[in-house]
Amino acid sequence: MGSIIFGFILLITFSYFLINSINMENLREVDPIGASGIPTFVLFLLVSLLFYTLIKEIIKYRKNKEGVNYKALLNKSVLIIISITVSLGLFILVINKIGFFLDCLFLTPLLLILLGAKNKFQIICFSIGIPLLFSFLFGNVLNIPIPKGIGVFSEINNFIY
């Protein structure tokens, strides 16, 4: 069922891009293919293959519909995947408020625990080391601006990097 939903989402997304690439202004007088020629061809190929795959998955799902155990779908691994997705969503939502370093400081131990890390020393080392490493690498070495947060969080992040 998940492959059908995922295929349907991809089909809608690529169909949207295909329609936009067909409607794109092109200069056919200069180039016979135009600026949108190759992207339109690739998107048409993607939509066609997704449509074919979606039909195959629906047929396979209908054949195996009786043998599906729906209680087995809600097991521990599904809950872990949902938890990781929610935590990454929260990471994205609060990164501009509290800054990259503090956000990573809270996200890293949560992800390590969700992914099954048992050693507390390892969790603490990674939880402190990864945000420090990436903050120093991106902020100082590569000079890529990373979010520092607002208010008190900005002052804390300015002290660190």
Side-chain angles (χ1 to χ4, degrees), residues 1-27 33-51 53-54 57 70 72-161:
M1 185 66 178
S3 60
I4 294 172
I5 294 170
F6 184 67
F8 188 68
I9 290 170
L10 285 178
L11 184 68
I12 290 171
T13 305
F14 288 137
S15 297
Y16 173 75
F17 288 136
L18 178 63
I19 291 168
N20 282 339
S21 71
I22 290 172
N23 294 333
M24 186 187 305
E25 180 182 337
N26 55 13
L27 304 171
I33 294 176
S36 65
I38 293 175
T40 302
F41 173 75
V42 170
L43 286 167
F44 178 76
L45 187 65
L46 278 171
V47 168
S48 302
L49 291 174
L50 273 169
F51 189 70
T53 305
L54 197 58
E57 288 295 323
Y70 291 105
L73 294 176
L74 291 175
N75 55 12
K76 185 178 179 182
S77 62
V78 173
L79 294 175
I80 289 174
I81 291 171
I82 291 171
S83 301
I84 290 172
T85 306
V86 168
S87 63
L88 289 174
L90 287 173
F91 175 83
I92 292 169
L93 289 175
V94 300
I95 194 166
N96 288 328
K97 306 283 190 272
I98 67 172
F100 176 78
F101 180 76
L102 293 174
D103 207 7
C104 279
L105 205 58
F106 295 127
L107 178 72
T108 306
L110 178 67
L111 290 180
L112 287 172
I113 291 169
L114 285 173
L115 293 174
K118 301 285 186 213
N119 189 351
K120 290 182 182 180
F121 179 73
Q122 189 179 27
I123 292 173
I124 292 170
C125 287
F126 278 126
S127 298
I128 295 171
I130 289 175
L132 279 175
L133 174 74
F134 281 107
S135 296
F136 178 74
L137 180 69
F138 286 108
N140 295 338
V141 176
L142 298 174
N143 290 327
I144 297 173
I146 52 178
K148 292 189 176 188
I150 55 175
V152 175
F153 301 118
S154 177
E155 297 299 322
I156 294 170
N157 286 319
N158 283 333
F159 177 71
I160 295 168
Y161 57 96

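The structure presented is a predicted model; accordingly, all values stated were derived computationally and were not measured. Note: hydrogens, waters and symmetry copies are ignored here, and every other heavy atom, side chains too, is used.
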Phe44 side, atom CZ; Phe14 side, atom CZ - distance, nearest 0.5 Å: 15.0 Å
- prompt: What is the distance from atom CG of Leu45 to atom OG1 of Thr40, rounded to the nearest 0.5 Å?
  reply: 12.5 Å
field: Gap separating the CG atom of Leu132 from the OG atom of Ser127, nearest 0.5 angstrom
entry: 11.0 Å
query: Tell me, do Phe17 and Thr13 make a side-chain contact under 4.5 Å, heavy atoms counted?
result: yes
field: Atom pair CG/OG of Asn20 and Ser15 - distance to nearest 0.5 Å
entry: 11.0 Å
- prompt: Is it true that a side-chain atom of Ser21 and a backbone atom of Leu18 form a donor plus acceptor pair closer than 3.5 Å?
  reply: yes
query: Minimum heavy-atom separation for Leu50 to Gly7, with atom names?
result: CD2-O, 4.3 Å
Under 3.5 Å donor-acceptor pairs involving side-chain atoms of residues 118-126, not counting sequence neighbours:
unit_1	atom_1	unit_2	atom_2	d
Asn119	OD1	Phe121	N	3.2

- request: For side-chain contact (heavy atoms from CB on, under 4.5 Å), just list the numbers for Thr53 and Leu11, CA-CA rounded to whole Å, side-chain angles, deciding distance to a tenth of an Å, and then say yes or no.
  value: CA-CA 10 Å; Thr53 305; Leu11 184 68; over 6 Å; no
query: Say you draw a straight line from CD1 of Ile81 to OG1 of Thr85; how long is it, rounded to the nearest 0.5 Å?
result: 7.5 Å
Which donor-acceptor pairs under 3.5 Å do side chains of residues 93-112 form with protein atoms, sequence neighbours excluded?
unit_1	atom_1	unit_2	atom_2	d
Asp103	OD2	Ile95	N	3.4
Thr108	OG1	Cys104	O	2.7

message: Check this for me: Phe134, atom CZ, are more than 12 non-hydrogen atoms of other residues, nucleotides or ligands nearer than 6.0 Å?
response: no
